[in-house]
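Chain letters run A, B, ... following the sequence lines, proteins first and then strands; every chain starts at 1. From a predicted model like this one, the values you see are computed outputs, not experimental measurements. Side chains are part of it too, since the values below use all heavy atoms of this structure and drop only hydrogens, waters and symmetry mates.
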2 protein chains.
Amino acid sequence: MNAYVLEPFWLRVFEVASRLKDIAKETGYSINTVSLALRGSERVPEATRNKISSVAKKFHYVPNNVARSLVSQQTMTIGVILTDITSPILTAVAHYIERLLAQLGYAMVLITTDKSLEHEKRALDVLRAQQVDGMLVFPANHANLSHFEALKETAYPLVLLAGRRTAPFDLIAMDDTLGAYKATRHLIELGHKRIALFSGGGEKLEGYQQALRDHDLEIDQSLIFEPGGIDYEHGYKAAPALFRLEPPATALLTATDYLALGAIAWCKAQSIKIPEQLAVIGFDDIEAAKYSDPGLSSVTYDAARISKRAVHRLMELISQPSAAQKQTEKTIIEPDLALRESSGKHLKVSVS
Amino acid sequence: MNAYVLEPFWLRVFEVASRLKDIAKETGYSINTVSLALRGSERVPEATRNKISSVAKKFHYVPNNVARSLVSQQTMTIGVILTDITSPILTAVAHYIERLLAQLGYAMVLITTDKSLEHEKRALDVLRAQQVDGMLVFPANHANLSHFEALKETAYPLVLLAGRRTAPFDLIAMDDTLGAYKATRHLIELGHKRIALFSGGGEKLEGYQQALRDHDLEIDQSLIFEPGGIDYEHGYKAAPALFRLEPPATALLTATDYLALGAIAWCKAQSIKIPEQLAVIGFDDIEAAKYSDPGLSSVTYDAARISKRAVHRLMELISQPSAAQKQTEKTIIEPDLALRESSGKHLKVSVS
DNA sequence: CTGAAAGCGCTTACAG
DNA sequence: CTGAAAGCGCTTACAG
């Protein structure tokens with residue numbers, strides 16, 4: 001048995017230079033000149049630049065950004081904190097943000113909090129430690145933002161992707177209150193008086209209540225359900241309760257489309273007709289809303305617009321060290337209703 | 001007009017120390033000791049450690065990882081390259097990977113390639129420059145991996161999340177060939193002889209063809225469609241062609257569930273019965289497959305398992321500088337069939 | 001038990 | 001046109 005093992009051939013195929021020093025040694029120039037040359041400085045003549053570049057290319061040299069960042073004080077990296085990427089709207093947001101950031105030369109560090117404030121705090125520290133140049137965050141809890149205050153003090157560029165306009169931070173968000181208001185109003189205008197809500201509270205609940213009030217309808221607490229989640233299964237499980245009410249609900253607004261789709265599935269299994277026996281409107285207008293059967297009416301979520309404006313605003317904050325910080329900017333986007341079959345048309349028989 | 005603007009009150013509420021130097025000055029110890037203390041070294045007495053920690057906490061000090069990384073030669077950051085995060089399976093993969101990585105103390109830098117080899121190459125360079133400790137990649141093209149060779153030379157920890165077992169890299173992937181084989185075989189066993197395929201080629205096409213061959217069925221090229229994409233709309237648009245064939249297809253296998261759902265939607269609009277007139281099996285077993293109407297049969301994709309094994313293997317490669325590198329490890333996971341209504345039961349009337 | 005020094009791989013004034 | 005030096009904020013031997 002041979003104790004001496006030859007290096008495999010391919011180990012020698014590529015020469016690798018990991019540092020400026022290596023290519024300096026190879027070319028005979030100083031680290032200094034190599035650095036300048038590789039960044040295309042006019043201060044080094046073209047011929048030299050080409051010579052150095054070709055050696056760098058041969059070695060497949062890639063600059064060490066951590067060293068570069070240490071001196072430049074910027075990492076060209078943005079932290080993105082989301083509650084959950086499996087939610088269709090947040091998937092879309094992550095997708096748009098990543099592309100926009102990449103175009104601008106930034107990399108995205110993505111952290112997920114699963115709606116836990118503890119995770120959110122930790123994420124903030126992780127991203128600060130990583131020295132990200134800015135943060136985009138979809139907060140776990142719209143009402144509890146105090147842990148972001150410290151960032152504000154250090155003038156850390158931060159843009160929230162959801163929340164209320166009273167939040168003391170830069171913010172780009174859909175107007176959930178208005179969305180719920182519009183959906184509820186639409187159902188009222190169709191003739192419904194027993195409109196149920198599946199929602200964990202917050203802005204959507206407020207919009208729902210306001211619409212009822214504005215149309216002189218009583219707010220019946222027994223019509224308001226906290227389905228214990230935002231997914232298909234939660235809607236499915238919560239649906240039966242609608243028909244135990246006396247009188248039963250004739251319409252339903254849900255905090256997410258999956259909740260609505262789950263409720264509809266249960267109804268179909270019971271041969272309850274949608275929208276004849278239950279008119280349904282969801283929230284977010286996800287892909288599945290378009291091709292469910294019946295098509296699901298929904299409140300739109302403009303992920304592209306939110307992402308674009310948020311990234312744009314973040315870049316402003318990054319490039320304007322402190323001036324922009326003093327004045328926070330809020331953009332609240334008005335949602336539309338995407339009406340399909342599930343919400344139905346005007347009721348044939350007006351319920352008394 | 002007053003030219004002198006007072007600093008707002010809140011600018012002074014928090015004191016901020018961004019460097020070890022600041023807290024060294026505050027406590028009177030050297031940078032050195034502070035560094036040790038903050039990392040809980042036994043070499044500095046507990047009393048001193050506590051004193052230093054409390055000052056650090058008061059200043060809300062967070063270590064600068066870019067400086068730390070420069071000396072430790074590790075960034076505690078993993079690069080993840082996916083073709084697209086809006087695809088349900090890749091969303092799931094990104095989600096699992098992020099959580100696993102977070103548990104291990106790593107942050108995830110996510111880059112999307114949109115299936116472009118150019119983007120993929122650029123992503124590789126970006127991540128190398130960022131000095132990520134390892135990479136997890138879902139390659140744009142299973143057959144074109146040459147740009148990963150350079151990483152191999154530098155013993156850069158890399159695990160592929162899809163591809164063929166012949167790829168010269170560490171790999172954890174679903175066995176798409178086998179998945180397509182099983183689905184096709186199932187359709188054959190149900191009595192189908194005119195089985196169409198919506199797929200861009202590759203492993204799934206191979207599995208489909210092999211199953212036909214193994215059952216002595218002719219491979220009819222007119223049954224094989226390249227739908228020009230993997231989404232709902234592509235399936236919807238490609239479906240009519242199935243019924244222009246002579247004789248028409250009686251079964252359909254698609255490369256993704258959305259393709260199947262789109263095709264089914266078109267059929268429903270034409271009052272074509274699923275599965276009676278067309279038995280359908282999709283790929284990936286996404287959420288929507290469960291609650292579509294009819295339920296969509298599909299080939300499973302075990303995102304949790306792939307993510308877990310991939311992260312585990314990557315950690316091995318990271319901790320074992322070179323030994324593990326010489327031998328690449330491949331794990332090809334066998335998919336199952338998730339059978340629901342869309343694929344039907346045995347054909348009542350056996351087609352000649 | 002604690003500090004001064006060197007160094008991680010770069011960039012940025014500053015000389016010459 | 002090019003190089004030597006200082007420094008970014010840390011950690012790691014090395015002294016004392």
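- Rounded to whole angstrom, the span from the CD atom of B/Gln74 across to the P atom of C/dC8 amounts to 17 Å.
- Nucleotide C/dC8 holds its P atom 12 Å from the CG atom of A/Asn64, rounded to whole Å.
- DNA chain D is contacted by both A/Pro45 and A/Ala67; A/Pro45 maps to the nucleotide lying nearer its 5′ end (nearest heavy atom per residue).
- For the pair B/Asp22 CG and D/dC8 P, the interatomic distance rounds to 11 Å; values are reported in whole Å.
- Regarding A/Lys51, its NZ atom lies at a distance of 8 Å from the P atom of D/dT2, rounded to whole Å.
- Taking atom CD on B/Gln73 and atom P on D/dG9, their separation rounds to 19 Å, with Å as the unit.
- In this structure, B/Arg19 places its CZ atom 7 Å from P of D/dC8, rounding to the nearest Å.
- With rounding to whole Å, A/Leu36 atom CG is found 15 Å from D/dA5 atom C1'.
- Using Watson-Crick or G-U wobble geometry with both donor-acceptor distances under 3.5 Å, D/dA13 finds no partner in any strand shown.
- Take the nearest nucleotide of DNA chain C for B/Val71 and for B/Arg43: the residue whose nucleotide is more 5' is B/Arg43.
- Atom NE2 of B/His312 has 12 or fewer neighbouring heavy atoms from other residues, nucleotides or ligands inside a 6.0 Å radius.
- One finds a salt bridge joining B/Arg19 and B/Asp22 here, because a Lys/Arg side-chain nitrogen approaches an Asp/Glu carboxylate oxygen to under 4.0 Å.
- Counting only heavy atoms from C-beta on, A/Val44 has its side chain closest to D/dT2 among D/dT2, C/dT11, D/dT11.
- Using a cutoff of 4.0 Å between basic side-chain nitrogens and carboxylate oxygens, B/Glu26 and B/Lys21 are not scored as salt-bridged.
- The phosphate of D/dT11 (OP1 or OP2) has a side-chain N or O of B/Arg39 nearer than 4.0 angstrom.
- We find that CG of B/Leu70 is positioned 13 Å from P of D/dT12, with the value rounded to whole Å.
- Within 6.0 Å of NZ on B/Lys308 lie no more than 12 heavy atoms contributed by other residues, nucleotides or ligands.
- Phosphate contact (OP1/OP2 of D/dT2, side-chain N/O of A/Thr33, threshold under 4.0 Å): absent.
- Side-chain N/O atoms of B/Tyr61 include one lying less than 4.0 angstrom from OP1 or OP2 on D/dC10.
- Between C/dC10 and A/Ser35, no contact under 4.0 Å exists linking OP1 or OP2 to a side-chain N or O.
- The shortest heavy-atom contact between B/Thr83 and B/Thr112 is O-CG2, 4.0 Å.
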